[in-house]
Protein chains: 2
Amino acid sequence: MEREKYEERCDEICVHDEVVNSVTEEMPEDEILYDLAELFKVFGDTTRIKILYVLFESDMCVCDIAELLNMGQSAISHQLRVLKQAQLVKFRREGKQVIYSLADDHVRTIINNGMEHIME
Amino acid sequence: MEREKYEERCDEICVHDEVVNSVTEEMPEDEILYDLAELFKVFGDTTRIKILYVLFESDMCVCDIAELLNMGQSAISHQLRVLKQAQLVKFRREGKQVIYSLADDHVRTIINNGMEHIME
DNA sequence: TGAACGTATGAACAATAATTCATATGAAAG
DNA sequence: CTTTCATATGAATTATTGTTCATACGTTCA
């Protein structure tokens, strides 16, 4: 194993090898955990949470969202891009406008769970 | 209302006042949305996700966690502090050691929901 | 009490990310 | 096709955040 830099483990008493080893086996791939963190990072911004909440209520064009959140069109557009990449929203063109909507119900589920936690 | 800076709304066609107004009413308080984003921000870091995942399997002291993640004790301690403040983990002292564990089942629920999304 | 050990904390630095500004793209209407 | 309008994008700036290093704190054991 490549445990070179942090051999500073607390001696026998503290590190319970059995536990450490068995947990190591149960851990998902690093890449999955990375993706998971990336997903939550997307939810971890007030502007994006607001956008998602707005889309809960109704599909909407970029301009409507900007108006609603009292923010610049560019800022919203940048954040919609992030949400799009995370597959949390989808969009369709209607003439000059681009209408955004929630990608699926996971979004609601995840946000509702978070809401439950902070409401405790 | 204080919509001065962003009167740059796209003309009549785009902004559907009825929709905007009704959605505005449905929106939770700004403070709640802020707290929600703060919560997800905590999940939005690989190190913290890993710590939580490790604690899924077993309560553990700081040193064990650092060993498991092959990271410095200080870094882990700092992140545990963040997790503690978000009430996602709790701790108890056992002699010289401090044993951390998950605060409640919301943590599992939230992480599992996120997992479902990325596994699609 | 004093030494040793596990953990916590503050400051500093490096890395990331959000917003703004200016401008580009692409559809629609004349 | 040219202009207009809605949206997208790149660069720059500012703000935020994670890790490290050094050190302090609090238990335990001699």
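In what follows, chains are A, B, ... by sequence order, proteins preceding strands, each numbered from 1.
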Given C:dA27, D:dT7, C:dT7, identify the nucleotide with an atom nearest to the side chain of A:Val62. D:dT7
Donor-acceptor pair (no angle test) under 3.5 Å: A:Gln73 side chain, D:dA6 base: no
Between P on D:dA6 and CE on A:Met60, what's the gap in Å once rounded to a whole number? 16 Å
Nearest to the side chain of B:Val98 - D:dT17, C:dT7, D:dA8? C:dT7
Which whole-number value in Å describes the distance from A:Ile65 CD1 to D:dA6 P? 15 Å
Nearest to the B:Thr47 side chain among C:dA18, D:dG10, D:dT19, which nucleotide is it? D:dT19
Which nucleotide, D:dA6, D:dT7, D:dG10, lies nearest any side-chain atom of A:Lys96? D:dA6
Is a donor on one side and an acceptor on the other found under 3.5 Å between the side chain of A:Asp64 and the backbone of A:Met60? no
Between A:Tyr100 and D:dA8, is there a side-chain N or O to OP1/OP2 distance below 4.0 Å? yes
For atom CD of B:Glu67 and atom C1' of C:dG6, their distance in whole Å: 14 Å
Which nucleotide, C:dG6, D:dT19, D:dA6, lies nearest any side-chain atom of B:Ala75? D:dT19
So, A:His78 and C:dT19: ring centres less than 5.5 Å apart, planes less than 30° off, yes or no? no
Derivation of the side-chain contact (heavy atoms from CB on, under 4.5 Å) call for B:Ile99 and B:Cys61: CA-CA 4 Å; B:Ile99 311 290; B:Cys61 68; 3.9 Å; yes
Compare the minimum distances between each of C:dC21, C:dT7, D:dA6 and the side chain of B:Cys63, then state the nucleotide with the smallest one. C:dT7
From C-beta outward on A:Ser74, which listed nucleotide comes closest to its side chain: D:dG10, D:dT7, C:dT9? D:dG10
What is the separation between atom CZ on B:Phe40 and atom P on C:dA17, rounded to the nearest whole Å? 18 Å
From the set D:dC21, C:dC5, C:dT19, return the single nucleotide nearest to any side-chain atom of A:Gln79. C:dT19
Classify the ring geometry of B:Phe40 against A:Phe43: parallel below 30°, tilted from 30° to 60°, perpendicular beyond 60°. tilted
note: B:Leu69, atom CG; D:dT20, atom P; distance rounded to Å ~ 12 Å
Please check the phosphate of D:dT17 (OP1 and OP2 only) for any side-chain N or O of B:Lys41 closer than 4.0 Å. yes
What integer distance in Å separates A:Arg81:CZ from C:dT25:C1'? 14 Å
To the nearest Å, how far apart are A:Leu80 CG and D:dA8 P? 7 Å
Sorted by position of nearest nucleotide on DNA chain D, 5' first, the leading residue of B:Arg48 and B:Arg93 is B:Arg48
If you draw a 6.0 Å radius around CD in A:Glu31, do more than 12 non-hydrogen atoms from other residues or ligands fall strictly inside? no
A:Gln87 and B:His117: side-chain donor and acceptor closer than 3.5 Å? no
Rounding to a whole Å, what distance do you find between B:Gln97:CD and C:dT7:P? 6 Å
Flag this pair as yes if the NZ/CZ of B:Lys90 is under 6.0 angstrom from the six-membered ring centre of B:Tyr100 and inside a 45 degree cone about the axis; otherwise no. no
What nucleotide, of C:dT9, C:dA27, D:dT19, holds the atom closest to the side chain of B:Met71? D:dT19
